[in-house]
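Just so it is clear, the values below take in all heavy atoms, side chains as well, and ignore hydrogens, waters and symmetry mates.
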Amino acid sequence: MRADGDLVITLVHGTWPRNVWRDVFLTAFYGKWPTRSFSRSLWFADGSEFRNRLSAELSKRGLSARISPFLWSGANSVRERDKAAQELAEHIRAKQLDHPGSIQVLIAHSHGGNVALRALDQPGVTGDEIFITTIATPFVEILPTKLLPAETLRIDVMVSLTTSVLIPHYAIAINNAYFPTLNPNVLSLIVALVCVLPFMLFFGLRARNTRTVDELVGLTSLSPSVRKHPLLVLRAVDDEAALTLAAATIGNRFSRLLERSSYKISVLIGFLFISLVVFILVLIAISIFWSLDDFMASASAFMTRFLGFLQPVSDFMAWAFKTRFLQFLQPAFSFEGFPAFARGLVLAFFAFLFLPGVFNSAYGRELLPIFQGCEINSQSAPDSIERQSEFQSESTSTNWGMVVTLHQEEARRGLRHGLYDHPQCAERIAGWLQSELASRAI
């Protein structure tokens with residue numbers, strides 16, 4: 001190896017490096033991360049099992065290395081990861097100045113892999129090749145989606161139902177319970193003002209979400225220049241982090257399905273109500289142009305035949321509501337329970353509307369209030385070619401990145417996401433570095 005050509009290896013940890021309890025819930029006791037001193041049990045700490053294995057495997061292959069960790073907040077935040085990427089880029093530039101003939105290597109775990117790739121995409125980063133190894137990294141990219149008119153209309157309709165069903169109902173209930181002497185005109189004015197608030201809040205939230213999505217898209221996209229750096233992707237079978245993100249995606253899709261279902265049921269009930277009103281108006285019109293006695297006789301005969309047709313259904317429902325399992329449904333099918341059923345549908349719609357944000361927050365806390373306008377692309381390996389040019393004739397395919405799935409036949413303790421503890425992890429990294437360096441020396 002050339003003079004001063006040692007490897008300079010920077011270890012980049014992922015989200016909540018000490019675990020979620022110490023870094024989120026018990027920070028008052030353990031202190032806020034990063035700290036100056038930390039346990040050797042952390043994979044990137046000096047004297048850790050991973051670092052000892054890596055140093056030994058590199059030495060076997062005649063490679064010497066200076067190994068040091070890069071610490072960042074470890075927060076589950078897209079903005080924090082971007083901030084860490086900028087700091088890591090400065091860290092890389094400083095290492096290159098301190099060791100001008102050295103070979104820079106980044107070894108990153110979990111979301112640290114996204115930080116590392118983002119750091120190499122920062123302006124001013126040297127054009128020299130930097131070797132990257134990611135360990136159990138969920139490669140996350142936020143993609144914008146267009147808001148269809150039907151989607152926007154559905155939300156506007158449900159907001160209208162909220163103002164017409166929930167707010168007046170609870171306003172009257174509160175007035176009767178606490179302000180029985182309040183002037184009805186004052187109550188009407190208060191209800192009208194309160195009904196305007198949901199529209200104002202949703203319009204403001206929709207505009208804010210659009211701006212936030214645009215920002216997050218920019219913070220998770222990578223330029224084609226990143227693909228010039230050699231990449232090794234190490235992943236595990238049934239990695240818990242990948243499964244958690246997959247579960248979040250499934251929950252996202254399922255909640256959107258329930259949201260649409262509650263909307264369709266609400267619209268159907270609205271049509272039934274309108275049909276009932278039209279039916280009553282038709283009956284009134286018929287009674288005006290028809291003899292009342294003849295009309296009542298015909299209507300009575302029709303209802304007798306109709307009820308006779310429905311008698312089996314009525315008997316079944318009467319039996320069903322007497323059973324223990326369907327007693328809870330009886331209020332919803334009674335006239336008294338209909339308003340409660342309608343209110344429940346409206347509340348269910350909004351619960352399912354915001355539920356995707358809860359699932360998406362697994363990728364970053366900024367996604368919690370976002371209910372429209374984006375999709376999450378999360379994979380165990382990054383795209384090997386720029387998406388925009390993938391199907392263009394002038395695009396050329398690349399073999400960016402070597403992907404290796406580590407499998408251990410013996411049952412192991414702990415989580416598979418801690419792939420740095422895998423016996424072959426350090427060996428694979430050292431072997432890959434030796435192969436890459438040898439190919440460049442030819």
With a 4.5 Å limit on heavy-atom distance, are the side chains of Cys374 and Val217 in contact? no
With sequence neighbours excluded, tell me which residues meet salt bridge (Lys or Arg N to Asp or Glu O under 4.0 Å) with Asp214. none
Got a sec, which residues hit salt bridge (Lys or Arg N to Asp or Glu O under 4.0 Å) with Arg81, two or more places apart in sequence or on another chain? none
Residues passing the side-chain hydrogen bond (donor to acceptor under 3.5 Å, both in side chains) test with Ser41, sequence neighbours excluded, are Ser39
Among all residues two or more places apart in sequence or in another chain, which pass the side-chain hydrogen bond (donor to acceptor under 3.5 Å, both in side chains) test with Ser73? Glu80
Go through the structure and list residues passing side chain to side chain contact (heavy atoms under 4.5 Å, CB included) with Arg79, not counting sequence neighbours. Ser77, Thr212, Glu215, Leu219, Glu366
Output all residues satisfying salt bridge (Lys or Arg N to Asp or Glu O under 4.0 Å) with Arg53, sequence neighbours left out; order by chain, then residue number. Glu49
Does some side-chain heavy atom of Pro382 sit less than 4.5 Å from a side-chain heavy atom of Leu222? no
Could I get the full list of side chain to side chain contact (heavy atoms under 4.5 Å, CB included) partners for Thr405, not counting sequence neighbours? Arg235, Val237
Glu57: partners by salt bridge (Lys or Arg N to Asp or Glu O under 4.0 Å), with sequence neighbours left out: Lys60, Arg61
Name of the residue among Ile135, Val404, Leu433 meeting side-chain contact (heavy atoms from CB on, under 4.5 Å) with Arg428: Val404
Does the ring centre of Trp33 sit less than 6.0 Å away from the ring centre of His13? yes
Minimum heavy-atom separation for Phe70 to Ala84, with atom names? CZ-O, 3.5 Å
Which residues pass the ring pair (Phe, Tyr, Trp, His ring centres under 6.0 Å) test with Phe50, sequence neighbours left out? Trp43
Against Ile92, only a single residue in Gln96, Glu90, Lys95 fulfils side-chain contact (heavy atoms from CB on, under 4.5 Å); can you say which? Gln96
If we ignore hydrogens and angles and just use 3.5 Å, is the side chain of Thr220 paired with the main-chain N or O of Ile142 as donor and acceptor? yes
Suppose we screen for side chain to side chain contact (heavy atoms under 4.5 Å, CB included). Which residues come up paired with Asn209, at least two apart in sequence or across chains? Leu205, Ile370, Phe371
Can you name the residues that form a ring pair (Phe, Tyr, Trp, His ring centres under 6.0 Å) with Phe139, not counting sequence neighbours? none
Side chain to side chain contact (heavy atoms under 4.5 Å, CB included) filter on Gln379, not counting sequence neighbours, yields Asn377
Checking Ile429, Val105, Ile9 against Leu58 for side-chain contact (heavy atoms from CB on, under 4.5 Å), the one that qualifies is Ile9
Determine the minimum heavy-atom distance between Ala116 and Leu106, stating which atoms define it. CB-CD1, 4.0 Å
